[in-house]
Structures are given as structure tokens and as C-alpha cells.
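Here the structure comes first, spelled out in C-alpha cells, and everything after it is commentary.
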Amino acid sequence: MPELPEVEVLVRHLAPLVRNRTIRGVEVRREKVVRPTTVGGLQRTLRGARIVGVTRRAKFFVFDLRKRRRGASFKLVGHLGMTGRVFLAPKRQPLPKHAAVVLDLGRQNLVYEDTRYFGRLSLDTSSLAKLGPEPLRPEFTSAGFASALKRSTQAIKVRLLDQTLVAGIGNIYASEALHRAGVSPRRAARNLTGVEVSRLRKAIRQVLAEAIRFGSTVPLNFGADDGDGLFYYGRAANAPDYYEERLRVYDRAGQRCRRCGATIRRIVQAARSTYFCPVCQR
DNA sequence: CACCATGTTCCTTG
DNA sequence: CCAAGGAACATGGT
């Protein structure tokens with residue numbers, strides 16, 4: 001479920017609900033998910049810790065924790081992979097089939113579940129160090145973006161998925177941002193003009209900000225009872241109207257471009273689907 | 001059965 | 001050493 005906007009909405013939702021709560025117990029049901037932290041290590045470290053806050057970095061969510069009143073603070077880092085979810089649930093509520101880690105917060109459990117187990121929830125913070133700039137912060141500059149693109153012959157769409165270039169863009173919003181910028185996903189990164197780089201940077205920021213706004217507006221269900229409770233495209237089946245018209249190209253192969261009417265195409269780049277309008281994007 | 005899926009990391013190749 | 005491509009991870013939906 002996650003790219004940057006989905007994680008941002010999750011964190012905004014969760015932060016006020018768990019702030020100042022104490023972790024009483026830790027149950028690890030799928031060891032792989034906490035790696036490289038060990039089950040025993042996680043339990044020893046988390047038990048008795050207080051949640052100071054919850055923040056986001058790229059697609060990661062970060063719990064800031066503190067053991068004692070004036071003790072050193074430390075972090076619990078999570079990533080949702082493709083199918084991860086985090087939610088608060090009453091103690092009596094049955095756990096979902098793929099619940100991987102359960103934190104006992106007293107009245108409620110904080111449940112981390114992930115159908116495919118691609119995600120992580122661990123004390124290892126090393127992945128945060130490798131990340132590039134946050135796209136919605138001032139550190140993401142046109143100059144820095146341009147110089148990073150200059151050296152690569154790779155297709156721009158593929159470059160956008162590199163988390164060291166700019167952090168938080170995934171397969172959906174990469175296609176969306178390129179469409180908004182009017183740039184073909186197949187263009188070699190180094191061939192973009194200065195104007196195109198600036199347009200793309202702006203488009204990235206708009207697409208992500210809009211998705212956060214959308215996710216903050218729409219009524220979301222973060223509980224475990226139905227669906228994925230977020231605002232991903234996959235809800236189309238019985239989704240109400242406001243889920244439509246949101247994505248302009250992603251998963252719309254064969255349908256009309258909402259801007260020019262041409263037929264949206266799907267191609268494969270780096271073994272992943274890319275969607276684009278061959279007329280709007282050159 | 002076949003193919004597809006919101007992500008990252010590791011291995012191989014050049 | 002680096003860049004780029006592809007497989008692996010694991011489960012479910014269509």
C-alpha cells in the first residue's frame with residue numbers, strides 16, 4: 001500500500017493516538033519482519049519504552065521512543081513494503097492472518113501486518129542513511145536534482161524510483177509526475193533540459209502534495225475489519241466517486257488521457273509497469 | 001494455469 | 001570501482 005503520501009497520512013493519523021503511550025509487551029509472529037533485529041533484542045528494548053512521537057522519512061515511518069524519563073531516545077523504523085499496514089485495535093479483536101508484530105499498548109494493540117512480508121519493523125536505522133532528499137522539503141532543489149540526473153543514461157522513470165536521488169516516489173507517482181510534467185518516461189535522464197527538470201521537480205511536489213491532501217480529506221478506515229483502509233487505486237471496485245479521476249495515467253492502459261484524449265499506454269521498464277500518454281509526454 | 005501487483009536488496013554482467 | 005539489468009523475496013487477485 002505505500003508510497004510517500006500513504007505513509008504520511010498514516011503517520012498523521014497515528015501520531016496523536018499513540019503519543020505518550022508505553023509499550024507493555026512485544027509479540028513477534030514473523031521473525032523475518034524484524035530483521036536484522038532479533039526477537040529477544042526487540043522485546044528487551046521496546047518493553048517499558050514510551051512513544052515520544054511518530055514521523056515519516058521517505059516511505060519509512062519512525063517511532064521515536066524513550067525508555068526512562070531522561071534516558072536516551074531511540075528509533076523503531078518501519079517500512080510497509082507492498083502490502084503492509086499498521087493499525088490500532090482493541091485487545092479482543094482477532095488478529096489478521098498475516099499479523100507480523102503486535103505491540104501491547106495497554107488498552108489496545110498496535111498491529112503491524114503485511115501479507116507478503118516484504119516490509120520491515122526493526123531497530124535498524126541504516127536504511128534511513130542512504131536516502132536522498134525529501135521531495136516536499138526545500139532540500140530538494142532543481143540544481144541538485146539536475147546534477148543527479150546529468151550523469152545517467154537510464155530512463156527518467158527508472159531514475160525516479162531510485163531512493164538516493166529523491167526519496168519517497170514509487171511506481172504509481174513516478175508515472176503520475178511524468179505525465180503532469182509532460183515528459184516521456186523513456187527519455188534518458190541526462191537528456192532532460194533545464195526547463196524539463198524544473199517542471200518535473202514541480203510536478204513531483206504537486207502530485208505528492210495532492211495525494212496527501214486527498215488522503216487527509218477522504219474518510220479512511222484504518223481498522224483491520226475491511227479492505228486496506230487506505231486510498232490506493234486498488235479500491236476501484238466498490239469505491240465511491242471520489243476515488244475516480246484521481247490518477248491520470250497509472251493503471252489506465254487503453255483508456256483516454258483526460259487531458260488530450262489519446263490512448264494511455266503501458267510499457268515495461270526495469271521489470272515494472274509504466275503508464276503514459278504518448279501525445280502529452282514527449 | 002498464467003500473469004500481475006503500491007518495494008527493496010542482492011547477484012551478475014559489462 | 002560503477003552502472004544497469006534481473007531475480008528473489010511471498011501471497012493473493014484476476
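Quantities reported herein were computed from a predicted structural model and do not represent experimental measurements. Letters A, B, ... are given to chains in the order of the sequence lines, protein chains preceding strands, and every chain is numbered from 1.
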| message | Side-chain N or O of A/K32 versus OP1/OP2 of C/dC9: is the shortest distance under 4.0 Å? | response | no
| query | Distance between the P atoms of C/dG6 and B/dC4, in whole angstroms? | reply | 14 Å
| task | Output the single nucleotide from B/dT8, B/dT9, B/dT6 whose closest atom is nearest the side chain of A/Y250. | result | B/dT6
Run the side-chain donor-acceptor check on residues 129-141 of chain A: report pairs under 3.5 Å with partners two or more places apart or on a different chain.
| unit_1 | atom_1 | unit_2 | atom_2 | d |
| --- | --- | --- | --- | --- |
| A/E134 | OE1 | A/R56 | NH1 | 2.9 |
| A/E134 | OE1 | A/R56 | NH2 | 3.1 |
| A/E134 | OE2 | A/R57 | NH1 | 2.9 |
| A/E134 | OE2 | A/A58 | N | 2.5 |
| A/E139 | OE2 | A/E134 | N | 3.4 |
| A/T141 | OG1 | A/G144 | N | 3.0 |

| query | For A/R120, which contact category applies under a 4.0 Å heavy-atom criterion: base, sugar-phosphate, or nothing? | reply | nothing
| query | Under the salt bridge (charged side-chain N to carboxylate O under 4.0 Å, His left out) rule, what pairs show up with a residue in residues 174-194 of chain A, not counting sequence neighbours? | reply | A/R180-A/E210, A/R187-A/E196
| For the atom pair NE2 (A/H98) and OG1 (A/T115), what is the distance rounded to the nearest 0.5 Å? | 5.0 Å
| query | For the base of B/dA5, is there a side-chain donor-acceptor partner from A/R116 under 3.5 Å away? | reply | yes
| query | Are OP1 or OP2 of C/dG12 and a side-chain N or O of A/H98 less than 4.0 angstrom apart? | reply | yes
| Mind checking the C1' distance from C/dG13 to B/dT8? Whole angstroms is fine. | 22 Å
| field | A/P2 side chain, from C-beta outward: closest of C/dT11, B/dT6, C/dG5 | value | B/dT6
| request: Could you check A/L110, A/N109, A/V111 and say which one makes a side-chain contact (heavy atoms from CB on, under 4.5 Å) with A/L88? | output: A/L110
| task | Provide the distance between the two P atoms, one in C/dA7 and one in B/dC3, to the nearest whole Å. | result | 13 Å
| task | Using a 4.0 Å heavy-atom cut-off across all strands, classify A/R30 as base, sugar-phosphate, or nothing. | result | sugar-phosphate
| message | Using a 4.0 Å heavy-atom cut-off, does A/F118 contact any base of the nucleic acid, only the sugar-phosphate backbone, or nothing at all? | response | base
| Below 4.0 angstrom from OP1 or OP2 of C/dA3, is there any side-chain N or O of A/R151? | no
| said: Does a side-chain N or O of A/Q154 approach OP1 or OP2 of C/dG5 to a distance below 4.0 Å, or not? | reply: yes
| said: Using OP1 and OP2 only, check whether a side-chain N or O of A/K130 sits under 4.0 Å from B/dT8. | reply: no
| Whether over 12 other heavy atoms sit under 6.0 Å from A/R248 CZ | no
| request: Using the C1' atom as the reference point in each nucleotide, state the distance between C/dG12 and B/dT9 in Å, no decimals. | output: 23 Å
| query | Does the side chain of A/T115 get closer than 4.0 angstrom to OP1 or OP2 of C/dA10 through an N or O atom? | reply | no
| query | Has A/S273 got a side-chain N or O lying under 4.0 Å from the OP1 or OP2 atom of B/dA5? | reply | yes
| remark: Pairing string of DNA chain B (Watson-Crick or G-U wobble, both atom distances under 3.5 Å; | = paired to other strand) is .||||.||||||||
| task | Determine, for A/F145 and A/R201, whether the Lys NZ or Arg CZ falls below 6.0 Å from the six-membered ring centre while staying within 45 degrees of the axis. | result | no
| A/F63 CZ to A/L46 CG distance, which is reported to the nearest 0.5 Å | 10.0 Å
| said: Just N and O in the side chain of A/K97: are any of them under 4.0 Å from OP1 or OP2 of C/dT11? | reply: no
